[in-house]
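Handing you a structure now.
Just so it is clear: chains get the letters A, B, ... in the order the sequence lines come, proteins before strands, and each one is counted from 1.
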Protein chains: 2
Amino acid sequence: MTNNMSADQITSLLRNRGITPTAQRLEIAELLFSRCEHLSAEDVFQLVNAGAQRVSKATVYNTLGLFAEHGLIREVIADPTKVFFDPNTTPHHHFFDISSGKLIDIPAEQVHIGALPEVPAGMQLEGVDVIVRVRRPGTV
Amino acid sequence: MTNNMSADQITSLLRNRGITPTAQRLEIAELLFSRCEHLSAEDVFQLVNAGAQRVSKATVYNTLGLFAEHGLIREVIADPTKVFFDPNTTPHHHFFDISSGKLIDIPAEQVHIGALPEVPAGMQLEGVDVIVRVRRPGTV
DNA sequence: TGAAACTATTAGAATAATTATAATTGTTAC
DNA sequence: GTAACAATTATAATTATTCTAATAGTTTCA
Ligand SMILES: [Mn+2]
Ligand SMILES: [Mn+2]
Ligand SMILES: [Zn+2]
Ligand SMILES: [Zn+2]
């Protein structure tokens, strides 16, 4: 899925969430919402700096963290070596391909969780993540 | 749950899995199977070296990786900052308390997954991990 | 208006989880 | 018994991420 949003659309998307749209944030947001993929911070850093270096690694982390905090994107914890950032914030789950280190979406309706245990006393439910680990046979 | 196994029992546990029982491996195995908790590599490093330093950090990682590879323990990917190692290898799921960074077991029978999507073509199912993220209200 | 004072944003420097590789120990062959 | 080899350990290096110092933007008030 690929989306094409104008600079203005992205600007107001950020403003609507209370995020001041800076040059760096717009570049990163543009990148995230055009390719609608699961990207690591390193991926974003490489893509946003394709050609000339314009945004620091720390700013990429700051921005991704800020976007996640404000619900524009979502963190996916599946690969032990790095966090993935997911522009798709609608409820869904993931295959994690151990061989390639890539995530594949699973539509929410394809996973039916019949019963969930009671949340521990005094705790608030934040979300349920289902990770289906798969591997290409013959791979480590 | 706490288990008390003799040095001999642990030795044969390793041997049965084809792991040569060395001093370091026995110390770490003893530690893992007496406390039956979710421990990070750093936790194991601290516990095994309580008092005098005997085992290096790299050996802790090597050993935990080896144990996991041979099915003695299991890796749990829930905290973005570190991997947890779980001496409980029977199928079960986890609460992850974002506030404290601790894992809590969920017995397998308390999660009923009604339907699972078809595994992508040519891929082999490795496992299904359900992480229920919870938070103590008022915490970041 | 036009600086101070303050706040928000960025990025260079530091940290910490993990891995790569070199050193050590143990085992086999002769 | 010793040389070749294999397995194990641990030091050194890597890298994902965070900390904090520097920069840019905004508000206050003379
Ligand atoms: Mn990691
Ligand atoms: Mn990490
Ligand atoms: Zn996704
Ligand atoms: Zn567990």
Spacing of B/K57 atom NZ relative to D/dT8 atom C1', expressed in whole Å: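 Those two atoms, NZ and C1', are 19 Å apart.
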Of the options D/dT17, C/dT10, D/dT8, whose atoms approach the side-chain atoms of A/A41 most closely?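 Nearest listed nucleotide: D/dT17.
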Rounded distance (Å) that lies between atom P of C/dA17 and atom CG of B/L64: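 In whole Å, C/dA17 P lies 14 Å from B/L64 CG.
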Where the side chain of B/S56 is defined as all heavy atoms beyond and including C-beta, which of C/dT18, D/dT11, C/dA11 is the nearest nucleotide?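 Of the candidates, D/dT11 comes closest.
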Which whole-number value in Å describes the distance from A/F45 CZ to D/dT18 P?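 Rounded to the whole Å, the gap is 16 Å.
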What is the separation between atom CZ on B/R54 and atom P on C/dT24, rounded to the nearest whole Å?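 For the pair B/R54 CZ and C/dT24 P, the rounded distance is 22 Å.
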Close aromatic pair by centroid cut-off 6.0 Å: B/H94 and B/H38: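 Ring-ring flag for B/H94/B/H38: true, centres closer than 6.0 Å.
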Residue whose nearest DNA chain D nucleotide is more 5′ - B/T81 or B/Q53: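 Upstream on the strand: B/Q53.
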Under 4.0 Å between any heavy atoms, over every strand shown, what does B/S40 touch: base, sugar-phosphate, or nothing? Just pick one.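 Nothing, no nucleic acid heavy atom in range.
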Starting from P on C/dT10, measure out to CG on A/N49 and report it in whole angstrom.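 To the nearest whole Å, that distance equals 13 Å.
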Salt-bridge test for A/R135 and A/D97: reply yes if a basic N is under 4.0 Å from a carboxylate O, no otherwise.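 A salt bridge is absent here (no side-chain N lies under 4.0 Å from a carboxylate O).
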Determine whether B/K102 and B/D79 satisfy the following criterion, salt bridge (Lys or Arg N to Asp or Glu O under 4.0 Å), listing intermediate values before the conclusion. CA-CA 9 Å; B/K102 292 259 162 58; B/D79 185 328; over 6 Å; no
Interatomic distance where CG belongs to A/D79 and C1' belongs to C/dA17 [whole Å]: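 About 13 Å, once rounded to whole Å.
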Taking the nucleotide of DNA chain C with the closest heavy atom to each, which residue, A/V55 or B/K82, is nearer the 5' end?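 On the 5' side of the pair lies A/V55.
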Which nucleotide wins on minimum distance to the side chain of B/A58, given the candidates D/dT17, C/dA11, C/dA20?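 Nearest to the side-chain atoms of B/A58, counting from C-beta on, is C/dA20.
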For the pair made of CG in B/D43 and C1' in C/dA16, what is the distance, rounded to whole Å?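 After rounding, the gap between these two atoms is 14 Å.
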Roughly how far, to the nearest 0.5 Å, is the CG atom of A/L32 from the OG1 atom of A/T63?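 CG of A/L32 is found 9.5 Å from OG1 of A/T63.
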Within a reach of under 6.0 Å around CD of A/E118, are more than 12 heavy atoms found that belong to other residues, nucleotides or ligands?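 Open.
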B/I28 CD1 - D/dT8 C1' separation (whole Å):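 That distance rounds to 12 Å.
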Heavy atoms under 4.0 Å, any strand shown: does B/T22 hit a base, just sugar-phosphate, or nothing?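 Touches sugar-phosphate only.
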Proximal nucleotide (of C/dA11, C/dT19, D/dA10) relative to the B/Y61 side chain: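 Shortest atom-to-atom distance from the side chain points to C/dT19.
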Which one, D/dT11, C/dA11, C/dT9, comes nearest to the side chain of A/T59?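 So the nucleotide nearest the side chain must be C/dA11.
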What nucleotide among C/dT9, C/dA17, D/dT9 has an atom nearest to a side-chain atom of A/T20?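 Nearest to the side-chain atoms of A/T20, counting from C-beta on, is C/dT9.
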Measuring to OP1 and OP2 of D/dT9, would you say a side-chain N or O of B/R25 lies under 4.0 angstrom away?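 It does, given that an N or O in the side chain of B/R25 lies less than 4.0 Å from OP1 or OP2 of D/dT9.
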